[in-house]
Amino acid sequence: MSCLSWNCCGLGNPRTIRELEGSLNKEDPHLVFLSETRCRSRKVEYLKNKWGMHGLYVNPNGMSGGLALLWKKEVNVAIQSFSHHHIDATIGTDHNTPKWRFTGFYGHPQVAKRMESWNLLRKLKGRDCLPWLCGGDFNEILRQDEKEGRTPKANWQMRNFREALDDCGLADLEYSGFKFTWCNNHTQPATVRERLDRFCATAEWMNAFPNAKVRHLNTIASDHSPILLYLKDDCLKASQKAKKKFRFESMWIRKEQCTEIIKSAWEKIEEGCSFKKIVSKIKDCRVGLLRWNITTIGNVQARIRATLDKIATIKMNPITEESKQCERELIMELDELRNMEEDFWKQRSHENWASEGDRNTRFFHNKASARKKRSNITNIRGANGEWCQDGQEREHAIVSYFEDLFTTANPSEQALQEAMFEDTYCSNNVLSWWQEVNSRIKIHEMELFVVVCWFLWKNRNMTIFHGAQMDALELYSEASHYMDYFRNAQENIRTNPPPKTNKVVWSPPCGNWVKINFDAAIFGKERNMGCGIIVRDSKGSVLAALSKKIYGVTDPEHAEAIAAGEAAWFGYDCGFNFVQMEGDAKLIINALNSSEENLSAIGGIIDDVKRIAHCFDSCTFQHIKRSGNEAAHGLAKFAYSLTEALVWMGDVPPVVMPSILKDCNIFNQ
């Protein structure tokens with residue numbers, strides 16, 4: 001029997017789910033304790049059903065916290081008590097093993113409230129006399145050697161933790177693996193590592209399980225490392241595997257060499273009858289694929305383990321910019337290997353899933369490519385009228401143009417003083433000066449005065465930084481022409497208003513409904529996505545908003561589906577009853593409104609969103625073009641600079657204020 005404990009830092013990250021599933025498949029733990037799940041019970045309910053386990057879940061407190069205890073069906077677990085910081089249960093596996101007690105523990109993250117956690121631990125001690133195992137994220141260390149970097153831990157904090165364990169009769173279990181279980185992932189000299197996660201047990205428990213061993217695992221999905229406890233030595237033995245027959249692996253299709261090997265085998269000229277030729281070509285194809293698989297792809301699971309070991313080695317050493325870059329490259333390689341592993345297990349489970357064909361992904365890529373082409377300058381016309389296509393020629397033409405534009409003779413000392421425009425009306429008190437100007441200038445002359453002031457400031461900057469200047473008469477003439485042009489343009493707009501366009505705009509919901517707009521943005525170089533969500537009522541007032549970065553997502557279709565799921569969970573967590581969900585991905589909206597089973601790669605996410613929708617009193621899905629979804633799109637792009645999710649409740653996110661004001665002005669008109 002084995003137990004896994006992990007502070008997963010949120011189950012909303014697909015990489016976290018994938019890594020947890022990998023640990024479940026590889027280590028096969030009977031008992032799993034998760035802390036900082038940061039999601040509602042329906043998400044964990046879906047995951048435990050997917051993994052074929054039983055479990056108990058404690059909802060988070062706001063956007064932080066959340067606990068889960070999962071166990072296999074053959075394990076007899078009786079829950080005794082639970083709170084936001086613990087889950088206590090009695091465990092029984094078979095008649096040969098005595099009953100014992102397990103407590104999944106999560107120490108309070110705030111130092112000021114840490115003593116409440118230790119008092120809770122003391123209360124749990126007196127509730128039962130069974131052999132006791134306690135494990136989890138205690139958010140504290142026992143000794144100074146369990147911390148590396150920055151300032152030492154306060155002695156009174158460690159002393160309180162040691163006294164709590166002593167009062168409960170708990171002893172720290174020995175472990176193997178990397179010493180520290182948490183890292184802030186900052187570069188030197190700001191790197192901090194600590195051993196915050198551990199298993200502790202009473203003497204009775206250690207006598208009942210004398211061969212118990214703890215191992216610190218590696219991870220890339222959380223700043224905490226999972227810790228695994230084996231109760232018996234035989235759990236560590238690898239099972240014998242039978243000799244495998246040849247099977248074509250669907251993950252091979254991801255590599256171009258696969259097509260070349262098959263094509264080469266079937267184009268080979270063979271002798272004999274037609275049947276013999278076919279058998280010979282099939283054999284050549286099989287042999288070629290096997291050799292290629294051994295030399296190029298190899299054992300995917302072994303490569304994943306080797307890559308994780310390399311990442312773990314980097315984390316153990318001082319963090320530098322070079323090591324961070326190497327770690328990012330290894331994580332990208334690991335994501336590709338995980339995708340291949342996922343194909344591997346999907347093929348073996350005989351699951352009906354959509355092939356990696358044209359699922360409108362090409363449409364999104366073409367759209368992104370077209371946008372990139374519009375942003376590029378491929379040709380530029382130089383001063384001599386000739387077109388420059390070479391990169392160096394374009395650069396030279398641009399530099400020459402601006403050099404000619406801003407180059408002039410050196411100004412005199414008198415010109416520099418005149419450029420400062422020291423007016424007798426200007427005093428140190430700007431407010432009194434402005435009041436004096438208002439009293440001297442008529443209202444209809446104020447526009448021209450403001451434009452002259454702007455030209456004065458512009459002329460001042462040009463004189464100081466570029467040596468170019470205008471005399472007073474030239475400056476006033478330029479300002480007057482500018483003002484005349486502006487007034488004529490305004491008059492033209494009043495007399496000849498522009499024709500109305502059919503541009504789609506955001507519209508408010510009706511009555512007591514709320515509208516949740518969502519969107520996703522792909523950050524290709526980082527292989528991440530941003531998710532933007534904004535909730536507004538019938539008056540256009542912002543009720544809530546969210547901007548969040550999600551790692552390891554590069555497919556636009558997958559990103560939009562995840563954004564829809566995040567929006568549904570966000571609306572459910574906020575407690576809304578009548579919800580209109582609106583997004584600009586028509587493919588996703590059509591899938592959500594369809595009653596047919598979705599067999600594509602995003603089918604699981606679509607099903608999750610539909611289940612969440614049933615939790616509302618009423619929920620609808622509708623499509624809107626990008627022009628009506630600018631607020632959510634702005635929040636999705638804003639996530640590029642974030643390291644953790646940002647939530648606004650009853651407040652307007654400053655980053656999308658212009659879009660929100662524009663939407664309000666449009667529907668108020």
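One is the number of the first residue; the rest follow in order along the sequence. Note that this is a predicted model, so its numbers are computed, not measured. Values below: every heavy atom of this structure, side chains too, minus hydrogens, waters and symmetry copies.
Summarising the geometry, atom NE2 belonging to H558 is positioned 9.5 Å from atom CD1 belonging to I588; distances are rounded to the nearest 0.5 Å. Distance check, rounded to the nearest 0.5 Å: CG of L34 to NZ of K48 gives 13.0 Å. Taken from NZ in K26 to CG in L217, the straight-line distance is 7.5 Å, to the nearest 0.5 Å. Here D555 contributes atom CG and M529 contributes atom CE; the two are 10.5 Å apart, rounded to the nearest 0.5 Å. One finds the CD atom of E630 at 11.0 Å from the CG atom of N517 (value rounded to the nearest 0.5 Å). With rounding to the nearest 0.5 Å, the separation of CG in D172 from CZ in F138 is 8.5 Å.
A salt bridge links K153 and E194; the closest N-O separation between the charged side-chain nitrogens and carboxylate oxygens is under 4.0 Å. A salt bridge is absent between D137 and R198; no separation between the charged side-chain nitrogens and carboxylate oxygens falls under 4.0 Å. K179 and E148 are not joined by a salt bridge, as no carboxylate oxygen comes within less than 4.0 angstrom of a charged side-chain nitrogen.
A donor-acceptor pair shorter than 3.5 Å cannot be found between the side chains of T320 and Q188. In the model, Q257 has no side-chain atom that pairs as donor or acceptor with a side-chain atom of W292 under 3.5 Å.
Here the side chains of L69 and V32 are not in contact, with every heavy-atom distance at 4.5 Å or above. Contact annotation: the side chain of I314 approaches that of L330 to within less than 4.5 Å [non-hydrogen atoms, C-beta and beyond]. Residues M158 and I141 meet the side-chain proximity criterion, which asks for heavy atoms closer than 4.5 Å. The shortest side-chain heavy-atom distance between L24 and D28 does not fall under the 4.5 Å cut-off. Side-chain contact check for P29 versus S2: some heavy-atom pair is nearer than 4.5 Å. The closest side-chain heavy-atom distance from V647 to F570 is below 4.5 Å. In this structure, L635 and I533 have side chains that are not in contact, with every pair of non-hydrogen atoms separated by 4.5 Å or more. Looking only at side-chain heavy atoms (C-beta outward), L592 and I606 come within less than 4.5 Å of each other.
In terms of modelled atom types and a separation under 3.5 Å, the side chain of T181 and the main chain of D197 share a donor-acceptor contact. Between the side chain of H85 and the backbone N or O of Y106 there is at least one donor-acceptor pair closer than 3.5 Å. The backbone N or O of D519 lies less than 3.5 Å from no partner atom in the side chain of E560, so there is not a single donor-acceptor pair. No donor-acceptor pair under 3.5 Å is formed between the side chain of E36 and the backbone N or O of C8. Not a single donor-acceptor pair under 3.5 Å links the side chain of D223 to the backbone N or O of N184. Without hydrogens or angle criteria, T307 side chain to R303 main chain gives a donor-acceptor distance under 3.5 Å. The backbone N or O of F638 sits less than 3.5 Å from a side-chain atom of S641, completing a donor-acceptor pair. Of the possible donor and acceptor atoms, none in the side chain of S64 sits under 3.5 Å from a partner among the backbone N and O of P60. Of the possible donor and acceptor atoms, one in the side chain of K147 sits under 3.5 Å from a partner among the backbone N and O of T151. Formation of a donor-acceptor pair under 3.5 Å by the S222 side chain with backbone atoms of N7 is found in this model.
If you look at F178 and F180, their ring centroids are closer than 6.0 Å.
In plain terms, the two heavy atoms of L11 and I17 that are nearest each other are O-CD1, 3.5 Å. Looking at every heavy atom in both residues, H623 comes nearest to I589 through N-CG2, 3.7 Å.
Heavy-atom neighbours of E256 CD from other residues, nucleotides or ligands within 6.0 Å: at or below the threshold of 12. Surrounding NZ of K625 are at most 12 heavy atoms belonging to other residues, nucleotides or ligands under 6.0 Å away. Counting heavy-atom neighbours within 6.0 Å of R291 CZ, excluding the residue itself, gives a total of 12 or less.
The aromatic rings of Y640 and F523 lie perpendicular to each other, with more than 60° between the two planes, well past the 30° mark.
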Evaluate the criterion salt bridge (charged side-chain N to carboxylate O under 4.0 Å, His left out) for residue pair D608 and R611; output intermediate values, then yes/no. CA-CA 5 Å; D608 285 348; R611 293 190 190 99; 2.9 Å; yes
Test H216 against Y175 for ring-ring contact (aromatic ring centres under 6.0 Å, His included), laying out the working first. CA-CA 7 Å; H216 293 177; Y175 63 90; 4.3 Å; yes
Determine, stepwise, if the pair R143 / E146 fulfils salt bridge (charged side-chain N to carboxylate O under 4.0 Å, His left out). CA-CA 6 Å; R143 302 176 300 276; E146 292 183 346; 3.3 Å; yes
